[in-house]
Amino acid sequence: MPQEEKTTVAGDGQNHDVHNEDRYDAQRIEGKWFERWQQDSSLYAAEPHSTRQKYYVLEMLPYPSGALHMGHVRNYAIGDALARYMWMNGYNVLHPMGWDSFGLPAENAAIQNNTPPREWTLRNITAMKAQMKRLGFGYDWSREVTTCLPEYYRWNQWFFIKLFEKGLAYRKKSRVNWCPKCCTVLANEQVVNGRCWRHEDTLVEQRELEQWFLRITNYAEELLRDLDRLPGWPEKVRTMQRNWIGRSEGTLVDFKLDGAADPATSTITVFTTRVDTIFGATSLQLAPQHPLVARLTKNNDLLRAEVERLIAEQRKAREVGDIGEIEKHGVNTGRYAVNPYNGERVPIWVANYILMDYGTGAIMSVPAHDERDYDFAKKYKIEIRLVILPKVDDPEETVVEPRLPFTTIQGNLVNSGPFSGMDCEAAIRAMSAHAEKNGFGKATVTYRLKDWGISRQRYWGTPIPMLYCEKDGIVAVSEKDLPVILPENVDITLTGGSPLSRVPEFVNATCPKCGGPARRETDTMDTFVDSSWYFYRYTDACNDRAPFDREKAGYWFGDRGIDQYIGGVEHAILHLIYSRFWTKFMRDMGLIGNDEPVEHLFTQGMIIKSGAKMSKSLGNVVSPDDMVERYGGDSTRMYTLFATSPDRELDWQDEGVEGIQRFLSRVYRFIKQNVKTEDPGWHASSPAKLNEQARRVQRKLHQTIKRVTDDFQGRWHFNTCISAIMELLNEAGRWVLGSPSFRNPATGVVVEGYDIPIGLLAEVQRTLALLLAPFAPYLAHELWEMLGEKGGLLRAPWPKYDPALAKEEEIEIPVQVNGKLRGRILVAADASENVMRENALADAKVQSALAGKQVMKVIIVPAKLVNIVVR
RNA sequence: GCCGGGAUGGCGGAAUUGGCAGACGCGUUGGACUUAGGAUCCAAUGCCCAAAAGGCGUGCAGGUUCAAAUCCUGUUCCCGGCACCA
């Protein structure tokens, strides 16, 4: 930018140089409107009560890391364009923003810079908010939510107590994921390939700890079922959630340990989806961590060592991530279990491919009818017994032995006692019922989804509002004592458990039940608790008596939730499953009327540069500040919408931003140099009176409005919207932008070759400002003012198109001979097939291509093409 | 292994219902204006051929069709998700 100004000043005005005041100066324009928008805090405010229809558009709130990255800009550019479009279409729009501001980075930064987490976080928020404002995103800041402030997190605590009272929050000792870098426990959802979601290089350890859990599994069935009622969500996200919930129907079957001393502890329960194959079970396989294994190896060091090896192999397999490649190993315990269906004794093995955290941690092994069991049995020479035969269509056909393993469910039972001859599916039902009747099992459903562990051994989070009283045990803090304030000036060095446990003033409390001394819970909540319900808080952000007012949330959420939610697909499981759970819980509490938080979800694509995700280590990070400084906020955000459609991966190219800046600069000059007042004699609905040149401009104008409007309503391909606007300018500005003499507005409209009515010109200019408003709000506002428009652009009505004016009168039709392009004809848009045929056959180029050939057939697609088939 | 998404000029990408492949932008080349141009404007720009005519061309190999980037079969590669899930 600086070089350009320098050189422009040298221009004398007689040549094609653009005058300084005529030039698009993004910094000047954006600075001017930035100041104005600062003055008017109610500009983007949603109306609490309105006769207009509500529209809630939301982008996922950011973590205040200190600076926006391009992914944020892209996310917010999409949301802001939509919000502005909806405003202009007369909706009462809620478009808020907030900060997911608890979490580990603040603590790490605190240790590094010796700055308290609160100070570091609030400073980052200030900086990022300034960036957002500089980019011109229109948020209702009066509803800003900052999750690390007591005004917000007290309601986390309030919800936690409600969950506890309903039995949905509970404490349990279990094996949990521990990230040694975070020095805290992680939820299952936060472990990716055995690694921490924040530290890709760090393997998660398993630790036996007592933790708080939320009973999300109570809602597993509904969370799964309602995915079918979310047609506004990407199929990809719904599939991911389905996989994550991992529903599996099957049967629990109790095997008895043969020769057990104590019959009470001698049951081994297996889970199977194929109980119909149980007569083919020739061994039991236990997970190496199975409690029975510990007992069986108690006095057998050799076996113990083998089991330890299996555990190590399993852990390694999980760490590597390429589990399919890991070889199956097992060890025979030498003990037997009794199959309750036939009384048969089967050997008990321990195997490295059995997972303790799925099903019961024990399986029956049916080598003939399961891929893995088959491999295992081959390796260890365990009997392979066929109990299912394939169904044959023709009963006369001889039954052939299937190739093993035969795993499909299309078959009939053999060698299965009283169940022989049954069809597999019927057998599963009958055999489950049999087990239940005889008290050794039942049909059941298991889920991969586990309860949500929310305890974190960290400082910068919501204190869990629980107390431990010697007399009364676990007691919730009374509501009147909320919030439990997170103390400041805490030593947060990473060693030695929860930092809060080292603050006696915090730990020592009074039991609300007995008034005696009690110890406070010193773990804090997973930050995903904060983001599970934050979007309800926006509807009533300052409420100090409740998380939000029922009616206000009811107005904005309606029956179906947030109208449009936009964010990265990386939250497909984590945030989006937790917040669905929270919504269902709040509904059951009677706080809200909707079953789901989000009606329409949009997941935008990643931004990459030079073929890789932007990262500091690769040095391919593009800073939004840098772009804003070089090209302006409008160009930066508009480029993120122009480069590709918003759902796809975006390959960043600085030159592309420059291209957008060039386009905006052309728009600016097109209007700046030609500001005209309305022509009173101009009537838009008179295409017949226009010359061809003007008619082309008018047609393009209406076509462009249609394209942009349709895209907002439908497929959101803003890249093609923007290119349509570019085409409009190319058409309307063709004679103007290249003409030096036209630069003097006092001489009137007409330049050589330029002959369109002032009224049409004015209409194009006005429409350009309106169409650009969602994408480049700063410039659009400037243009609006330049055009002398009164009233805010934000709520100016979105332009309407006239289909009759958008229509082509005459079109060029390709003529093919045997499918190859041989000529073109010009016909009326509504030309009959006969006219098209005659014109096509009469075309000179077509004629020469037809010479000496015999016309077999002429295919005519009205208004599209003619294809002449010859021989 | 399973489930998604993708592969189109030098680059990012268009082509909405099977109907002119390459819109729009970038880059490049030439020109205009200029003391100058990294500003602006104009023009050209898929590949082959000196040009024209023509031919070729949407990852690859086939197929259906008057007509295929688009539909079908097979196949390769890339990206994302899930994965010893019993």
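Labels below follow one simple rule: chain letters A, B, ... track the order of the sequence lines, proteins then strands, and each chain is numbered from 1. We use all heavy atoms of the structure for the numbers below, so side chains are in, but hydrogens, waters and symmetry mates are not.
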Applying side-chain hydrogen bond (donor to acceptor under 3.5 Å, both in side chains) to A/Ser848 and not counting sequence neighbours gives none
Contacts of A/Thr239 meeting side-chain hydrogen bond (donor to acceptor under 3.5 Å, both in side chains) (sequence neighbours excluded), chain-then-number -> A/Glu235
Considering only residues two or more places apart or on different chains, which pairs with a residue in [range] satisfy salt bridge (charged side-chain N to carboxylate O under 4.0 Å, His left out)?
range: residues 817-826 of chain A; result: A/Glu812-A/Arg824
range: residues 843-862 of chain A; result: none
range: residues 634-656 of chain A; result: A/Asp80-A/Arg637, A/Arg630-A/Asp654

Salt bridge (charged side-chain N to carboxylate O under 4.0 Å, His left out) filter on A/Arg662, not counting sequence neighbours, yields none
Would you list the protein and nucleotides 53-55 of chain B atom pairs, both N or O, that sit under 3.5 Å from each other?
unit_1, atom_1, unit_2, atom_2, d
B/G55, OP1, A/Arg822, NH2, 3.2

Per the under-4.0 Å heavy-atom filter, residues of residues 269-278 of chain A near RNA chain B come out as A/Phe271, A/Thr272, A/Thr273
In numerical order, the residues of residues 858-871 of chain A whose heavy atoms come under 4.0 Å of RNA chain B are A/Ile859, A/Val861, A/Lys864, A/Leu865, A/Asn867, A/Val869
d(A/Phe663 CZ, A/Tyr668 OH) to nearest 0.5 Å is 15.5 Å
Would you tabulate the nitrogen or oxygen pairs shorter than 3.5 Å linking the protein to nucleotides 27-30 of chain B?
unit_1, atom_1, unit_2, atom_2, d
B/G27, OP2, A/Arg662, NH2, 3.0

Query raised in the report: Any idea how A/His575 and A/His571 line up, ring-wise: parallel (<30°), tilted (30 to 60°), or perpendicular (>60°)?
Result: perpendicular
Which atoms of nucleotides 10-18 of chain B (N or O only) lie under 3.5 Å from a protein N or O atom, and what are those distances?
unit_1, atom_1, unit_2, atom_2, d
B/C11, O2', A/Gln653, NE2, 2.6
B/G12, O2', A/Ala643, O, 3.3
B/A14, OP1, A/Asn719, ND2, 3.1
B/A15, OP1, A/Arg715, NH1, 3.1
B/A15, OP1, A/Arg715, NH2, 2.7

Its dot-bracket string being built from Watson-Crick and G-U pairs below 3.5 Å, with | for another strand and [ ] for crossing, RNA chain B has the pattern (((((((..(((......[....)))((((((.......))))))(((.....)))..(((((..]....))))))))))))....
Side-chain donor or acceptor of A/Lys857 under 3.5 Å from a matching atom on the base of B/C66? no
